[in-house]
Number of protein chains: 2
Amino acid sequence: MIISKTCDHAIRAALYVALHEDRAYVTIREISEHLGLSFHFLTKILQALTQKGIMTSFKGPNGGVSLARPAQSISIKEIVVAIDGEALFSGCMLGLDTCNDDHPCPLHQQWANLRDQLETLFTQTTLAYLADRIRREGLRLANFEAVSLVS
Amino acid sequence: MIISKTCDHAIRAALYVALHEDRAYVTIREISEHLGLSFHFLTKILQALTQKGIMTSFKGPNGGVSLARPAQSISIKEIVVAIDGEALFSGCMLGLDTCNDDHPCPLHQQWANLRDQLETLFTQTTLAYLADRIRREGLRLANFEAVSLVS
DNA sequence: TATATTTAAGATATAAGAGTCTTATTTCTT
DNA sequence: AAGAAATAAGACTCTTATATCTTAAATATA
Ligand code: FES
Ligand code: FES
């Protein structure tokens, strides 16, 4: 798919944390249980976000992870780039070594346009915006079989 | 990336064949050399396109592959679906099990819109259209280090 | 008919992504 | 000080994607 599985776990986890911004820290175990994914795997993913300065963490009792900055200032793009790298926003659709306006591949023109839209969208879409819509519209963050968000 | 490597090999190979529609068959070896990719791997990829009815093949001397239909009637989408499946055009951006208007994930609205544009683009973009632009504008089908298309 | 040419098919190998497990390390509580 | 609760780090395993290699089948030509 368009983003890696690791990356969508990261986005969903970040949204879960954003939904609980009132709490100082949320434990990774709680996130993993609500989103229906492996605790250990999620730990690794969130470590990456912490190292990139998107989250902060705190060890020990009452510890966990939280957003390093206000949810309003964290874009989806930032998370995608942290996990998957820049390729989605700069790579060639046909997988050529470089994507270059001066030496375009056949799909360049059409893809570059859509890609810009995608980048704009991902840049403008913040965790705060999505968290707000999740709260108001009850959007789902997990598969149906996973534990509900309402806890 | 957005499509698999296998898939972009397939698209580039199909374009190479479309560029030589005048010839009854083009050998896979010739395609692989011009595009700079493994003959054996390309053979497997083109077998898939042949099985899906996008190409036809012929064994033996003077054999090779050719388009099963006029280049004008083969869309990029058809090739993507043949190799990567429908997921790109119907899957959830967050990797949830289903993408559903009634139970959307937070990114659904924004992604569904872009995805429709992508699907339209891929459906309307035919091998003939791209081959024509490649001929007129000299667009590149391969990395620079690969053998040139001009032979 | 024999040989060369070409794709078909399938087995094998390598690399990357996804996921699990174990052992630190930090911090709170008692 | 001891023990419990939590993340950090790294080794390990499993799966999928990518790529290679070998053999078979079909076809043309000499
Ligand atoms: S060169 Fe291929 S998308 Fe830009
Ligand atoms: S439900 Fe996630 S993109 Fe449609």
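Numbers restart at 1 for each chain; the letters A, B, ... are given by sequence-line order, proteins then strands. The model shown is predicted, which means the values in this text are computed figures rather than measured ones.
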Considering non-hydrogen atoms only, spot the tightest contact between [X] and [Y] and give its length.
X: R140(B); Y: P106(A); result: O-CD, 3.3 Å
X: A18(A); Y: A131(A); result: CB-CB, 4.2 Å
X: I83(B); Y: A10(B); result: CG1-CB, 3.9 Å
X: C105(B); Y: L96(B); result: CB-CD1, 3.7 Å

Let me know the distance between [atom1] of [X] and [atom2] of [N], rounded to the nearest Å.
X: I83(A); N: dG19(C); atom1: CD1; atom2: P; value: 13 Å
X: I45(A); N: dG10(D); atom1: CD1; atom2: C1'; value: 16 Å
X: M55(A); N: dT7(D); atom1: CE; atom2: P; value: 12 Å
X: I31(A); N: dA6(D); atom1: CD1; atom2: C1'; value: 12 Å
X: R29(B); N: dT6(C); atom1: CZ; atom2: P; value: 9 Å
X: L49(A); N: dA8(D); atom1: CG; atom2: C1'; value: 14 Å
X: R12(B); N: dT18(D); atom1: CZ; atom2: P; value: 13 Å
X: M1(B); N: dA17(D); atom1: CE; atom2: C1'; value: 16 Å

Requested in this report: Could you encode protein contacts along nucleotides 20-30 of chain C as a string, one character per nucleotide from 5' to 3', using B for base contact, S for sugar-phosphate-only contact and - for no contact, with a heavy-atom cut-off of under 4.0 Å?
Outcome: BBB--BBBBS-

Taking side chain as C-beta onward, heavy atoms only, is [X] less than 4.5 Å from [Y]?
X: I31(A); Y: L46(A); answer: yes
X: E30(A); Y: Y16(A); answer: yes
X: H9(B); Y: L35(B); answer: no

Distance check: side-chain N/O of [X] vs OP1/OP2 of [N], anything under 4.0 Å?
X: T6(A); N: dA18(C); result: yes
X: S57(B); N: dA8(C); result: yes
X: Q51(A); N: dA9(D); result: yes

Report task. For Q47(B) and for D84(A), locate the closest nucleotide of DNA chain C by heavy-atom distance; then report the residue assigned to the nucleotide nearer the 5' terminus. Result ->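 This one resolves to Q47(B).
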
Query raised in the report: Is the number of heavy atoms from other residues, nucleotides or ligands under 6.0 Å of Q72(A) CD greater than 12?
Result: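 Not buried by this count: 12 neighbours or fewer within 6.0 Å.
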
**Report entry** Shortest side-chain distance from T50(B), nucleotide among dA8(C), dA19(D), dA6(D)
**Finding:**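 Looking only at heavy atoms from C-beta outward on T50(B), the closest nucleotide is dA8(C).
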
Query raised in the report: What is the bend of the helix from dT1(C)-dA30(D) to dT30(C)-dA1(D) when you compare the axis at one end with the axis at the other, using five pairs each and rounding to 10°?
Result: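 Inter-axis angle at the termini of the helix from dT1(C)-dA30(D) to dT30(C)-dA1(D): 10°.
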
Requested in this report: Check every strand shown and say whether L46(A) touches a base, only sugar-phosphate, or nothing at a heavy-atom separation below 4.0 Å.
Outcome: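 No contact at all - L46(A) keeps every heavy atom at 4.0 Å or more from the nucleic acid.
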
Query raised in the report: For T50(B), what residues pass the side chain to side chain donor-acceptor pair (under 3.5 Å) criterion, not counting sequence neighbours?
Result: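 Side chain to side chain donor-acceptor pair (under 3.5 Å) list for T50(B), sorted by chain: empty.
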
